[in-house]
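Here's the structure we're looking at; comments come further down.
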Amino acid sequence: MEQQLFIYNTLTRKKELFKPLNAPLVGMYVCGPTLYSDVHIGNCRTFTSFDVMYRYLLHIGYKVRYVRNITDVGHLVDEVAGEGEDRIARQARLKQLEPMEIVQRYAFGFREVMALLNLLPPSIEPTASGHIPEQIEMTQKIIDKGFAYEKDGNVYFDVEKFAKSNNYGILSGRNLDDQMNNTRELDGQEEKKGRLDFALWKKAKPEHIMRWNSPWGTGFPGWHIECSAMSQKYLGDTFDIHGGGMDLIPTHHTNEIAQSVGCCDAAPVNYWIHTNMLTLNGQKMSRSLGNVFLPVELFSGMKLAADSPSATPSQAKLDGKHPLFEKAYDPMVVRFFMMQTHYSSTLDFSNDALQAAEKGYNRLAESMKKVSSLSPSAQSTSDIKKLRQQCYEAMNDDFNTPILLSNLFEAARIVNSVYDGKETLTAADIEAVKKLFSDFVVDVLGLKAEAENSGKQMEVLDKVVHMVLDMRAEAKQKKDFAASDAIRDKLIAAGVAIKDTKEGSTWNLQ
RNA sequence: GGUCCUGUGGCCGAGUGGCUAGGCUCAGCUCUGCAAAAGCUGCUACAGCGGUUCGAAUCCGCUCGGGACCUCCA
């Protein structure tokens with residue numbers, strides 16, 4: 001590979017040169033959503049961050065197998081106690097639906113939101129319920145290795161035993177004694193030998209709908225085992241990158257490592273990447289805290305109606321203005337907003353920040369449109385090659401999108417200055433800038449060029465508006481400013497914003 | 001209580017032991033019948049107090065503030 005990519009590895013707490021096991025192939029696994037309710041914007045942030053990493057790896061020439069799972073079984077309401085209901089089964093009961101109906105509904109909404117945010121689909125999107133045999137097999141192997149025990153139809157991972165020969169806290173940096181002693185009182189522990197032990201397989205109660213046969217009776221898999229089983233199936237015993245939100249480090253990912261090592265004696269992952277949280281007024285957005293808002297609300301500026309059948313953007317029923325948002329924000333503005341912050345920092349949501357992002361994004365988008373209309377000169381006043389190099393350097397430094405953006409804004413500045421005749425670019429450099437934008441803004445950052453006004457209706461509207469603008473221009477020429485201003489005001493009132501430029505007036509929908 | 005992260009100009013937000021990220025706001029200018037829009041230029045900040053250093057916002061210590069994890073959470 002031409003580019004030397006450095007990645008911050010949670011495992012070593014250092015930035016490391018990225019060396020795939022089998023270049024140019026790269027295996028990447030990201031923990032996906034649990035589909036017991038709608039994804040919120042915090043979830044989206046994580047997936048968007050990994051989307052940019054995926055895009056950049058592709059851009060610099062890797063062939064990436066990107067696996068992002070869908071959890072549709074086994075995620076308990078009270079994971080540590082090993083009790084409580086399965087989250088999806090619980091929703092099914094509450095809504096009187098089949099569990100698969102719950103999963104189907106939220107999966108549909110999830111994919112629609114991902115598409116609106118312009119995320120590339122993963123190579124494989126495996127579901128936990130579709131990989132029950134694999135999970136049973138892995139559980140059996142862990143039992144055979146002596147790291148798990150069965151009790152009354154439940155199978156638990158024996159953390160203390162594992163920790164004797166392995167570093168259980170290798171990822172979180174916590175030592176076992178701290179974890180054993182500094183935990184609050186918990187219920188429902190009686191079956192487990194150790195308090196840190198976690199379920200690989202759970203016995204299904206009679207009323208439990210989601211159930212499968214296993215060597216230990218009828219039941220369902222634990223939450224952590226699905227990722228170990230599926231990543232191993234599609235990416236191998238050891239693969240390159242595993243990612244997720246940083247809240248998964250101490251429990252989910254720690255247990256994944258334990259399972260994989262316990263099963264196969266191999267560290268499953270070379271590079272662990274964790275994204276930081278999205279906050280609202282400085283506090284983490286999470287389903288359990290209840291301070292979540294939904295993508296459809298952000299994109300519409302409206303509140304989801306209490307009786308909305310779904311929060312899927314295309315199906316949602318909205319009800320009045322959302323108290324948090326001053327206006328609707330385009331998904332690309334939201335994506336741009338996320339790109340302004342490094343994935344490893346918390347990202348705080350506010351109207352002010354969003355509006356600043358909207359303006360910045362529009363400025364970038366405008367200058368991208370201008371590139372095509374630049375006139376070439378014999379010489380360039382800027383070093384586009386160097387600028388391109390700086391863009392790579394930014395991304396090579398642990399996917400530093402804020403720095404990348406600052407370089408892209410420098411490109412925008414150059415374009416605008418050339419457009420104003422204050423600086424010059426050769427024909428080759430104009431092409432180079434065009435390529436820079438399409439490579440980094442569109443391909444890597446995934447900021448989709450604004451959809452051109454298209455379709456029959458827009459075509460007609462465009463002609464009509466231009467007719468009116470011609471009339472206004474005529475009035476202006478006759479110095480009949482009362483008439484020209486009246487036309488302007490009425491167009492604005494109708495939702496048509498106009499821009500007067502040297503070359504005449506342009507318009508767009510407001 | 002334990003573990004860890006963090007504190008940057010009016011706001012958001014990168015980064016580095018010395019070489020003024022960037023965006024938004026604001027101001028000036030250009031354009032313009034006016035306005036809007038757009039563009040260009042300008043605005044030298046790093047919580048406080050000590051220490052290390054030729055030199056620290058960047059390293060170390062303390063103090064104060066914010067947050068995360070230790071239950072599920074992207």
Side-chain angles (χ1 to χ4, degrees), chain A residues 13 30-34 36 39-50 75-81 84 87 169 172-175 177-187 223 243-252 274-279 282-289 292 336-337 340-342 344-350 352-364 366-367 370 390 394 397 400-410 412-413 415-417 419-423 476 479-481 484-485 488-489 492 497-502 505-506 508:
Chain A
R13 280 138 211 279
V30 171
C31 288
T34 302
Y36 66 95
V39 284
H40 59 69
I41 208 71
N43 304 129
C44 294
R45 195 234 175 161
T46 296
F47 303 134
T48 305
S49 296
F50 284 105
H75 197 154
L76 303 181
V77 173
D78 189 345
E79 201 68 45
V80 161
R87 286 180 181 277
S172 66
R174 293 209 168 102
N175 73 51
D177 288 343
D178 283 348
Q179 290 188 78
M180 301 283 278
N181 300 324
N182 290 317
T183 315
R184 296 166 218 163
E185 285 303 310
L186 295 162
D187 302 324
W223 173 39
M246 62 186 286
D247 50 352
L248 298 179
I249 295 171
T251 307
H252 185 56
H274 291 95
T275 57
N276 213 320
M277 300 292 104
L278 182 136
T279 60
Q283 208 182 25
K284 174 184 170 184
M285 176 178 291
S286 77
R287 286 161 165 173
S288 48
L289 287 171
V292 302
F336 176 88
F337 171 67
Q340 279 186 304
T341 303
H342 189 82
S344 64
S345 298
T346 54
L347 173 64
D348 197 54
F349 242 72
S350 70
D352 287 351
L354 234 29
Q355 271 164 26
E358 183 173 56
K359 289 184 184 170
Y361 173 63
N362 286 338
R363 198 157 85 82
L364 189 61
E366 283 299 315
S367 78
K370 267 188 204 169
Q390 286 171 336
D397 186 11
N400 197 324
T401 54
I403 293 290
L404 171 61
L405 277 173
S406 81
N407 287 312
L408 292 170
F409 272 104
E410 172 63 11
R413 208 214 89 243
V415 168
N416 290 329
S417 292
Y419 186 81
D420 285 352
K422 289 172 183 160
E423 294 186 30
K476 278 171 77 169
K479 307 268 185 213
D480 183 0
F481 296 123
S484 73
D485 287 357
R488 180 174 65 197
D489 292 345
I492 289 168
I498 59 173
K499 253 196 252 183
D500 292 341
T501 70
K502 276 177 254 177
S505 301
T506 61
N508 54 335

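Letters go in sequence order (proteins before strands), and every chain restarts at 1.
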Which value, in whole Å, describes the distance between the [atom1] atoms of nucleotides [N] and [M]?
| N | M | atom1 | answer |
| --- | --- | --- | --- |
| B/rU16 | B/rA21 | C1' | 11 Å |
| B/rA14 | B/rG9 | C1' | 14 Å |
| B/rU25 | B/rC11 | C1' | 7 Å |
| B/rC46 | B/rC31 | P | 38 Å |
| B/rG7 | B/rC49 | C1' | 15 Å |
| B/rG18 | B/rU58 | C1' | 11 Å |
| B/rG61 | B/rU53 | C1' | 16 Å |
| B/rA56 | B/rA38 | P | 43 Å |

OP1 or OP2 of [N] less than 4.0 angstrom from a side-chain nitrogen or oxygen of [X], does that happen here?
| X | N | result |
| --- | --- | --- |
| A/K359 | B/rG23 | no |
| A/S172 | B/rC69 | no |
| A/K370 | B/rG39 | no |
| A/N400 | B/rG15 | yes |
| A/R287 | B/rA74 | yes |
| A/S350 | B/rC11 | no |
| A/N416 | B/rC40 | yes |
| A/R363 | B/rG23 | yes |

Under 4.0 Å, heavy atoms only, any strand: does [X] hit a base, just the sugar-phosphate, or nothing?
| X | answer |
| --- | --- |
| A/L289 | nothing |
| A/Q355 | nothing |
| A/R45 | nothing |
| A/G244 | sugar-phosphate |
| A/L248 | sugar-phosphate |
| A/T341 | sugar-phosphate |
| A/M285 | base |
| A/H40 | base |
| A/F409 | sugar-phosphate |
| A/S49 | nothing |

Tell which nucleotide pairs with [N], taking only Watson-Crick or G-U wobble pairs whose two distances are both under 3.5 angstrom.
| N | answer |
| --- | --- |
| B/rG17 | none |
| B/rG61 | B/rC49 |
| B/rG1 | B/rC70 |
| B/rC29 | B/rG39 |
| B/rC34 | none |

Take atom [atom1] of [X] and atom [atom2] of [N], then tell me their distance rounded to the nearest Å.
| X | N | atom1 | atom2 | value |
| --- | --- | --- | --- | --- |
| A/L278 | B/rC12 | CG | C1' | 14 Å |
| A/F337 | B/rG13 | CZ | P | 7 Å |
| A/Q340 | B/rG15 | CD | P | 14 Å |
| A/E358 | B/rG22 | CD | P | 22 Å |
| A/I41 | B/rA74 | CD1 | P | 14 Å |
| A/F481 | B/rU32 | CZ | C1' | 10 Å |
| A/D352 | B/rC26 | CG | P | 12 Å |
| A/F349 | B/rG13 | CZ | P | 12 Å |

Can you check whether [X] reaches [Y] side chain to side chain, under 4.5 Å on heavy atoms?
| X | Y | answer |
| --- | --- | --- |
| A/Y419 | A/S367 | no |
| A/L408 | A/L364 | yes |
| A/T341 | A/D348 | no |
| A/R413 | A/E423 | yes |

Where the side chain of [X] is defined as all heavy atoms beyond and including C-beta, which of [options] is the nearest nucleotide?
| X | options | value |
| --- | --- | --- |
| A/R413 | B/rU41, B/rA74, B/rG23 | B/rU41 |
| A/S417 | B/rG22, B/rC69, B/rC40 | B/rC40 |
| A/A353 | B/rC12, B/rC70, B/rA14 | B/rC12 |
| A/S406 | B/rA14, B/rC24, B/rG22 | B/rG22 |
| A/D348 | B/rU41, B/rG13, B/rA14 | B/rG13 |

Does any donor-acceptor pair link the side chain of [X] with the base of [N] at a separation under 3.5 Å?
| X | N | value |
| --- | --- | --- |
| A/R488 | B/rC34 | yes |
| A/R174 | B/rC4 | no |
| A/D500 | B/rG33 | no |

Could you say whether the aromatic ring of A/F47 and the base of B/rA74 stack, counting only centre distances under 5.5 Å and plane angles under 30°?
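Answer is no, no stack.
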Donor-acceptor pair, side chain of A/N43 and main chain of A/H40, under 3.5 angstrom
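Yes.
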Should the pair A/R45 and A/F349 be classed as cation-pi, given the thresholds of under 6.0 Å to the six-membered ring centre and 45° from the axis?
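Output no; distance or angle outside limits.
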Look at A/R363 together with A/E366 and state whether they make a salt bridge at an N to O cut-off of under 4.0 Å.
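Salt bridge flag = no for A/E366 with A/R363.
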Could you pick out which residue, A/T279 or A/S345, lies toward the 5' side of RNA chain B when each is mapped onto its nearest nucleotide?
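Whichever sits nearer the 5' end wins; that is A/S345.
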Between A/S286 and A/P250, just flag the one whose closest nucleotide in RNA chain B comes earlier from the 5' side.
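Result of the comparison: A/P250.
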Are A/E358 and A/Y361 close enough, and set up right, to give a side chain to side chain contact (heavy atoms under 4.5 Å, CB included), and what steps lead you there?
CA-CA 5 Å; A/E358 183 173 56; A/Y361 173 63; 5.8 Å; no
I need the A/H274 NE2 to A/D247 CG distance, nearest 0.5 Å.
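One gets 9.0 Å once the value is rounded to the nearest 0.5 Å.
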Give me the ring orientation class for A/F336 and A/F409: parallel if the planes are under 30° apart, tilted from 30 to 60°, perpendicular past 60°.
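Ring orientation of A/F336 relative to A/F409: perpendicular.
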